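Encoded as structure tokens, the structure appears first; notes follow it.
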Amino acid sequence: MYEASGLVRVAKREQNKKRNYLIINRLQGKHIPVSPAQALAMFEALAEKLKGDITAEQTLLIGFAETATAIGAAAAIKLGTYYMQTTREDVPGAQYLVFSEEHSHAAMQRLVTNGLEAILQKIRQIVFIEDEVTTGNTILNMISVLEKAYPCRVSYAVASILNGMDNEARKRYEERGIRLYDLVKTDNAAYPKQAEQYTQEGSYILSGSLPHKNIHPLEYTVSGFLDARRLLDARAYEKACLHLWKDVQKQLPEPLTGSVLVLGTEEFMYPALYCASLIEQAGADVRFHATTRSPIAVFQEAQYPLHIRYELPSLYEKGRRTFIYEIGAYSHVLIFTDARQKEREGIDALVQAAAVYNEKISVVWWEASV
């Protein structure tokens, strides 16, 4: 059903000596706008690969931040398992296990341990969810940290949309009894050269250089936030996301029609994607993607996946850069975030980036119940 030629677009990482290329999956909804239905269909197809080999109440799915957080959540909801994501953020009141993602621009990954030890006494397997696996080293690093902290008997598996592991990497997994599931196998050998073939520089726009437009977005605050950075039941997470959309829908001055862009922010992807899918089901022409911490080079060539990049201050940490690519013109732009409302710099910059081509912009803040 899915093939590398239909999914894979090769981009160039900015100033990354460990790996010069980045795989852009055109249906993933991270960097390139995509129909929510297409993204969710792909995520659920990955879940189907696991369906016959797991017992839902004895399985924990862990999605990797930031690009696989929506994939992991969608798969866990489809399968009815426990779920959590890794994070690079500070989670209030949390304790962590720390491990490394060596090729990334932001190498440190963390797993919140609050409540984890108790659930590890009940489950039999942990499945790591990734958008793409190349060497598998990040997951091996995480398993080593987990086994040192919790010497309990669980089996491990990895499910990824794309798998570019070579024979040597696969053998390491086979020797450790770690099962592999994927939708598409890729041969990554040519990707480093492909990433270097583009010469016509694209558009780089800094937040300070954006023309200021006098746009005041409608803003909505919804309670009932569930944080997938902490261990949770996936079905409860889905119910919380449904509550999120129903509450937003009540507050909207008019139904969303025409073309609609829904944006998530960094690790916060699935709730925005879920709401986008419901807007799409109601008849609007919807596209979804999200801001990201990944600095990716942009080029003008038509075959290159990314052509315009906005560099903005993060909603989550002062002094940190975040990026959004390929914003187009829509009837309405709807931004969903779990960032704290007091951090105005990041959201104001994102609104101004969206305002380059759009006038109707709304922001939804999802917060924990008081």
Side-chain angles (χ1 to χ4, degrees), residues 8-26 28-34 65-67 88 103-107 131-132 191-215 217 261-269 272 287-330 333 335 337 339 343-359 361 363:
V8 173
R9 302 293 183 267
V10 178
K12 182 179 179 181
R13 293 176 184 267
E14 182 180 80
Q15 298 178 346
N16 190 315
K17 296 180 180 179
K18 294 180 180 179
R19 188 182 297 172
N20 74 324
Y21 71 89
L22 181 76
I23 294 176
I24 304 292
N25 184 329
R26 73 176 189 86
Q28 189 174 334
K30 185 59 179 177
H31 308 99
I32 298 175
V34 67
E66 62 181 21
T67 51
R88 297 185 177 102
H103 64 275
S104 176
H105 61 282
D131 55 331
E132 184 264 333
Y191 295 165
K193 185 176 180 180
Q194 287 182 32
E196 298 292 344
Q197 68 181 342
Y198 302 99
T199 58
Q200 300 178 45
E201 191 174 84
S203 298
Y204 293 84
I205 301 174
L206 302 178
S207 61
S209 66
L210 284 168
H212 183 79
K213 292 190 175 181
N214 191 27
I215 288 182
L261 174 64
V262 177
L263 291 176
T265 53
E266 299 189 32
E267 295 178 1
F268 185 72
M269 290 184 64
R287 293 295 179 269
F288 168 80
H289 61 134
T291 62
T292 176
R293 293 176 66 166
S294 297
I296 309 169
V298 293
F299 293 94
Q300 294 181 35
E301 284 93 335
Q303 65 270 33
Y304 190 79
L306 304 173
H307 307 98
I308 183 168
R309 183 179 97 177
Y310 298 87
E311 181 179 322
L312 311 169
S314 173
L315 277 70
Y316 296 89
E317 181 183 355
K318 287 189 178 298
R320 188 169 88 202
R321 299 186 303 169
T322 191
F323 305 91
I324 187 75
Y325 301 86
E326 310 301 288
I327 295 182
Y330 299 86
V333 176
I335 300 167
T337 187
E343 299 295 345
R344 293 302 312 184
E345 183 184 16
I347 195 63
D348 291 344
L350 180 54
V351 166
Q352 286 300 316
V356 171
Y357 297 109
N358 299 280
E359 295 182 359
I361 303 170
V363 179

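Everything quoted here is computed from the prediction, not taken from an experiment. For the numbers below, each heavy atom of this structure counts, side chains included, while hydrogens, waters and symmetry mates do not.
- For the salt bridge (Lys or Arg N to Asp or Glu O under 4.0 Å) test, residues two or more places apart in sequence or in another chain that qualify with Glu311 are Arg309, Arg321.
- In this structure, Glu266 does not pair ionically with Arg88, as no charged nitrogen and carboxylate oxygen lie closer than 4.0 Å.
- Counting heavy atoms from C-beta on, the side chains of Phe323 and Ile296 never come closer than 4.5 Å.
- Atom CZ of Arg9 and atom CG of Leu22 lie 14.0 Å apart (nearest 0.5 Å).
- You'll find the side chain of His31 reaches within 4.5 Å of the side chain of Thr292, heavy atoms only.
- Here the CD1-CG distance, from Ile24 to Asp131, works out to 9.5 Å after rounding to the nearest 0.5 Å.
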Which pairs would a plain distance check flag for residues 345-356, meaning a side-chain donor or acceptor within less than 3.5 Å of a matching protein atom at least two apart in sequence or in another chain?
unit_1	atom_1	unit_2	atom_2	d
Asp348	OD1	Arg344	NH2	3.0
Gln352	OE1	Lys213	N	2.9
Gln352	NE2	Lys213	O	3.0

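- Interatomic distance, Met269 CE to Glu66 CD, rounded to the nearest 0.5 Å: 8.0 Å.
- Counting only N and O atoms by type, the side chains of His307 and Glu326 include a donor and acceptor under 3.5 Å apart.
- For the pair His289 and Leu261, the minimum side-chain heavy-atom distance is below 4.5 Å.
- A distance of 8.0 Å separates CZ of Arg13 from OH of Tyr21, quoted to the nearest 0.5 Å.
- A donor-acceptor pair shorter than 3.5 Å cannot be found between the side chains of Thr322 and Tyr316.
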